[in-house]
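One structure is given below, encoded as structure tokens.
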Amino acid sequence: MTDGLRVEVDGPVATLTLDRPAALNALTVPVKVALREALESLAADRGVRAVILTGAGRAFCAGQDLAERDEPDAAPLEVEVRERYNPIIRALRSMGQPVIAAVNGVAAGAGASLAFACDLRIAAEDARFVLAFGRLGLVPDSGATWFLPRLVGSGKAAELALVGDAVDAAEALRLGLVSRVVPAERLMDEARALAAKIANGPPLAFALTKGALQRAMTIDLDEALEGEAKLQGIAGASADHAEGLAAFREKRPPRFTGR
Ligand code: T3D
């Protein structure tokens, strides 16, 4: 536990819990620093194959801690976004392990952006997303302007960002903002089951898949086809591919090692 972030590693699954429930897990400088460091450290840990990001209490994350905005020595917003928020988003995207956002309650402002930057999002029935930036006279940040149109299309992204109404879990599922909605009491069990399934998969192939899915949003079909051929060359030369073939022949589950 460091400064409002709990890091728990259980075998191949790491769970990061934003842990300032009285402030709806709003992001302070220490939490942002701790989150970035935890993600970078997990990225380098070959024993960790899937990561869950969630919040303690009734919220996922209420975004920037607005109490910090009253502090005279607070960094200018441009600096804060560039130096504290953006590295977290880059870490989430560049780490090889898939990251699951278990959205347990309200995700507002940069808290919503954090969820958008994860590879998968599952939500509790009472979760909601609020693009709270406009109410503060701010623009969506931490990747929200990039992720939202890709997740829900440009028209709906504009509505969410400009109107700012809360999106409940059922609507988030309909829009494709989350891939599953489950009763609140089952959220963490579902997230752990999903993480365990991913953790049983081939880590190298999954890391390559994660990268390919991200690049696919900005390249044309020809580039994607060529990219897939190259990645298949790498995956096809891995011990995990040999293990997958052996397991198929021997009619048993594969035991992947990430090599
Ligand atoms: O500034 C920069 O560095 C630039 C980067 C900006 C990125 C951003 O994230 S900007 C957006 C910041 N976030 C917000 O504007 C959200 C503010 N919060 C809310 O709109 C509402 O709290 C929620 C919609 C999230 C939840 O509403 P509700 O009614 O369920 O809860 P509540 O009663 O408003 O809040 C409960 C407590 O959490 C309350 O404290 P209290 O009165 O019980 O002592 C409230 O002040 C506190 N809280 C909620 N959000 C924040 C917060 N405290 C600090 N910062 C917050 N963001």
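For ligands, and for the atoms within them, numbers begin at 1 and follow the listed sequence.
Between A132 and ligand 1, no N or O atom pair is found at a separation short of 3.5 Å. Between Y85 and ligand 1, no N or O atom pair is found at a separation short of 3.5 Å.
With a 4.0 Å cut-off on non-hydrogen atoms, L77 touches ligand 1 through its side chain and not its backbone. Of all the heavy atoms of L27, none lies under 4.0 Å from any atom of ligand 1, so neither backbone nor side chain is involved.
Closer than 4.0 Å to atom 42 (O) of ligand 1 lies none of the heavy atoms of the protein. For atom 49 (C) of ligand 1, the protein comes within 4.0 Å by at least one heavy atom. Distance check on atom 39 (C) of ligand 1: every protein heavy atom falls at or beyond the 4.0 Å cut-off. Using a 4.0 Å threshold on non-hydrogen atoms, atom 1 (O) of ligand 1 counts as touching the protein. Distance screen at 4.0 Å: atom 18 (N) of ligand 1 has no protein heavy-atom neighbour inside the cut-off. For atom 45 (C) of ligand 1, the nearest protein heavy atom is 4.0 Å or more away.
Taking 4.0 Å as the cut-off between side-chain N and carboxylate O, D10 and R192 do not count as a salt-bridged pair. Using a 4.0 Å cut-off between a side-chain N of Lys or Arg and a carboxylate O of Asp or Glu, R6 and E8 qualify as a salt bridge. A salt bridge does not link K32 to E83: none of the charged nitrogens lies less than 4.0 Å from a carboxylate oxygen.
Among all non-hydrogen protein atoms, the one lying nearest atom 57 (N) of ligand 1 is Q64 O, 2.8 Å. Nearest protein neighbour of atom 23 (C) of ligand 1, counting heavy atoms only, is L24 CD1, 4.3 Å. Atom 15 (O) of ligand 1 has as its closest protein heavy atom L136 CD1, 3.4 Å. Looking only at protein heavy atoms, the nearest one to atom 52 (C) of ligand 1 is A23 O, 3.8 Å. With hydrogens left out, the protein atom closest to atom 55 (N) of ligand 1 is L66 N, 2.9 Å, a heavy atom.
Within the listing of ligand 1, atoms 4 (C), 5 (C), 6 (C), 7 (C) sit less than 4.0 angstrom from a heavy atom of D141. Residue R69 approaches ligand 1 through these ligand atoms, each under 4.0 Å from one of its heavy atoms: 1 (O), 2 (C), 3 (O). Atom numbering of ligand 1 starts at 1 in the shown order; those under 4.0 Å from a heavy atom of E80 are 3 (O). Counting the atoms of ligand 1 from 1 in the order shown, those under 4.0 Å from a heavy atom of R135 are 20 (O). Here is the list of ligand 1 atoms found below 4.0 Å of a heavy atom in G63: 9 (O). The G109 neighbourhood of ligand 1 comprises atoms 9 (O), 11 (C), with distances under 4.0 Å to a heavy atom of that residue.
L16 contributes atom CG, which lies 6.0 Å from atom CG of L53 (distance to the nearest 0.5 angstrom).
Among the candidates V29, L35, V31, the single residue satisfying the side chain to side chain contact (heavy atoms under 4.5 Å, CB included) test with V33 is V29.
D220 contributes a side-chain N or O that, together with a main-chain N or O of E223, makes up a donor-acceptor pair within less than 3.5 Å. Side chain of D240 to main chain of P202: no donor-acceptor pair is present (N/O by atom type, distance under 3.5 Å, no hydrogens or angles). For the pair D65 (side chain) and A26 (backbone), a donor-acceptor distance under 3.5 Å is absent. At least one donor-acceptor pair under 3.5 Å links the side chain of D119 to the backbone N or O of V99.
For the pair I234 and L208, the minimum side-chain heavy-atom distance is below 4.5 Å.
By the criterion of side-chain heavy atoms lying less than 4.5 angstrom apart, applied directly or through intervening Ile, Leu, Val, Met, Phe, Trp or Tyr residues, L120 is not grouped with M95; the two fall into different hydrophobic clusters. Transitive grouping of hydrophobic side chains (ILVMFWY, heavy atoms separated by less than 4.5 Å) keeps F60 and V106 in distinct clusters. Criterion: ILVMFWY side-chain heavy atoms under 4.5 Å apart, direct or through other members. Under it, L148 and F133 are part of a common hydrophobic cluster. Both L131 and V167 belong to a common hydrophobic cluster when Ile, Leu, Val, Met, Phe, Trp and Tyr are linked at side-chain heavy-atom distances under 4.5 angstrom.
If you check each of E78, R58, K32 against atom 30 (O) of ligand 1, the one with the closest non-hydrogen atom is R58. Heavy-atom proximity to atom 13 (N) of ligand 1, evaluated over G105, A62, S142, is greatest for A62.
Residue contacts with ligand 1: A22 is included, with a non-hydrogen atom under 4.0 Å away. Residue R128 places a heavy atom less than 4.0 Å from ligand 1.
The environment of R150 atom CZ is dense: over 12 non-hydrogen atoms of other residues, nucleotides or ligands sit within 6.0 angstrom.
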